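These numbers come from a predicted model, not from an experiment. Numbering of residues begins at 1 and proceeds along the displayed sequence.
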Amino acid sequence: MPLVHNLTARIRQATQGFANLVSNNPRAIVFSVALVLFVWLMGEVNQVGMFSFDVSAYKFFVLFLRRPWLTPIMQSISELALPVVLLVMLLAVEVFAPGRKPGMCATVNLVGITLLNLILKEVVQRPRPDGFRLIAETGYSFPSGHSMVSMGFYGLLAWMVWHYEKDRFVKWLGVAGFGTVVLLVGLSRVYLGVHYASDVIAGFCVSLAWLCVYTKLVAPLFLGEHGESAQT
C-alpha cells in the first residue's frame, strides 16, 4: 500500500506541475503546439500529398453538405477575408479600438501575415484541389491564405477585446464572435473546393504561432501603455 500511495502522490504532483506550467506559460504552450503541428503538416504534405482527413472532409463538405441555398452563404463568409472587407475593418479598428495606434498595429500584423503566406506557398507549392471548385482561384494551396488572414487578423481583434474590454459578457461575446468568423472562413474554403482541410488547419496553426509572438513583442509598441498592461 505505501508503494501505491507514493505512486498516486507522484502522479498528483506531476499533474499539478503540468497544470501550473500551462497556466503560467499559455502563450509559449500555444506557440509550441501550433508550430509543431504546422511543421508536421508541411512535412507530410511533401511526402504523402493528401491526408485521410482531407478525403473525409471532401466527402462531408463537398459530397454531403453542398446545397444550392448554402453555397452563396459560404461564398459570403469566405469574402470576410477579402482585402475590401479587411480595409473597412482596419478603419473601424483605427476609430474604435483602444491604444495609441491600433490601426497601425492591425495593419502591420495583416501585412506580415500576408507576406508569410506568400513565402510559405512558394516553399511548399502544393496544387489546389481540382475538379470540384465552386469559385475560381489561382496560386498554390498550402497553407490557405484566407485561413491565415482570418486567424491572424480577426485573432488579433479577439486578443484586443479580451485584454481591453472591461465588461465580462461583452468580452466573451467578442472573442466568441471573432473566433466563429475565423472557423467559418476556414470551413468555407473547404466547402467551396479551393482548399484541402489540411491547408486550412496549417493556415490556422501558423497564424496562431505568429500571433503569440506578435502580441507579445510587437503589438505593445503600437498600443502604448494599454498594450503594456495587456501583457500581464
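Looking at heavy atoms from C-beta onward, I73 lies out of side-chain contact with R67 at the 4.5 angstrom threshold. At least one side-chain heavy atom of S78 sits less than 4.5 Å from a side-chain heavy atom of H146. The side-chain heavy atoms of M89 and L157, taken from C-beta on, include a pair separated by under 4.5 Å. No side-chain heavy atom of V182 sits less than 4.5 Å from a side-chain heavy atom of F153. Contact check for Y140 versus R128: no side-chain heavy atoms found under the 4.5 Å cut-off. With a 4.5 Å cut-off on side-chain heavy atoms, R100 and F222 do not count as touching. Under the 4.5 Å side-chain criterion, counting only non-hydrogen atoms from C-beta, L156 is in contact with T215. With a 4.5 Å cut-off on side-chain heavy atoms, N109 and I113 count as touching.
Between the K121 side chain and the P143 main chain, a donor and an acceptor come within less than 3.5 Å of each other. Of the possible donor and acceptor atoms, one in the side chain of S207 sits under 3.5 Å from a partner among the backbone N and O of M148. Looking only at distances, a side-chain donor or acceptor of D199 sits under 3.5 Å from a matching main-chain atom of Y196. Formation of a donor-acceptor pair under 3.5 Å by the E94 side chain with backbone atoms of G103 is found in this model. Checking side-chain atoms of E122 against main-chain N and O of I119 turns up no donor-acceptor pair under 3.5 Å. Side-chain N or O atoms of Y58 include none that pairs as donor or acceptor with a backbone N or O of V190 at under 3.5 Å.
Across all their heavy atoms, L217 and P220 have their closest contact at C-CD, 4.0 Å. What you find for L70 and L65 is that their closest heavy atoms are CD2-O, 3.8 Å. Contact record, V185 with L80: CG2-CB, 4.2 Å, taken as the closest heavy-atom pair. Of all heavy-atom pairs between S150 and F204, the closest is OG-CE2, 4.1 Å. H195 approaches G145 most closely through the heavy-atom pair NE2-N, 4.2 Å. In plain terms, the two heavy atoms of A57 and A197 that are nearest each other are CB-CB, 3.7 Å.
Annotation: K101, atom NZ; neighbour count of heavy atoms from other residues, nucleotides and ligands within 6.0 Å does not exceed 12.
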### Message
Would Y191 and T71 count as a side chain to side chain donor-acceptor pair (under 3.5 Å) here? Give the steps.
### Response
CA-CA 8 Å; Y191 176 93; T71 297; 2.9 Å; yes
### Task
Evaluate side chain to side chain contact (heavy atoms under 4.5 Å, CB included) for L37 paired with I201, printing each intermediate quantity in order.
CA-CA 9 Å; L37 181 55; I201 296 173; 4.3 Å; yes
### Message
One pair to check against side chain to side chain contact (heavy atoms under 4.5 Å, CB included): R66 and F61. What are the steps and the verdict?
### Response
CA-CA 6 Å; R66 277 185 180 177; F61 287 101; over 6 Å; no
### Task
Please test W40 against F51 for ring-ring contact (aromatic ring centres under 6.0 Å, His included), starting from the C-alpha separation and ending with a verdict.
CA-CA 12 Å; W40 176 77; F51 297 90; 5.6 Å; yes
### Query
R126 and S198: side chain to side chain donor-acceptor pair (under 3.5 Å), yes or no, with the steps?
CA-CA 11 Å; R126 184 188 202 184; S198 52; 2.8 Å; yes
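One hydrophobic cluster, built from ILVMFWY side chains closer than 4.5 Å, cannot hold both W159 and L173; they sit in different ones. Linking Ile, Leu, Val, Met, Phe, Trp and Tyr whenever their side-chain heavy atoms come within less than 4.5 Å leaves V62 and L192 in two separate clusters. Linking ILVMFWY side-chain heavy atoms closer than 4.5 Å, directly or via other members, places Y154 and V84 in a single hydrophobic cluster. Neither L86 nor V95 shares a network with the other; the hydrophobic side chains, linked directly or stepwise wherever heavy atoms of I, L, V, M, F, W or Y lie under 4.5 Å apart, form separate groups for each. Linking Ile, Leu, Val, Met, Phe, Trp and Tyr residues whenever their side-chain heavy atoms come within less than 4.5 Å places V213 and M160 in a single cluster.
The SG atom of C212 lies 7.5 Å from the CZ atom of F31; values are rounded to the nearest 0.5 Å. The distance from atom CG of N117 to atom CH2 of W210, rounded to the nearest 0.5 Å, is 11.5 Å.
In this structure F64 satisfies the ring-ring contact (aromatic ring centres under 6.0 Å, His included) test together with F60, sequence neighbours excluded.
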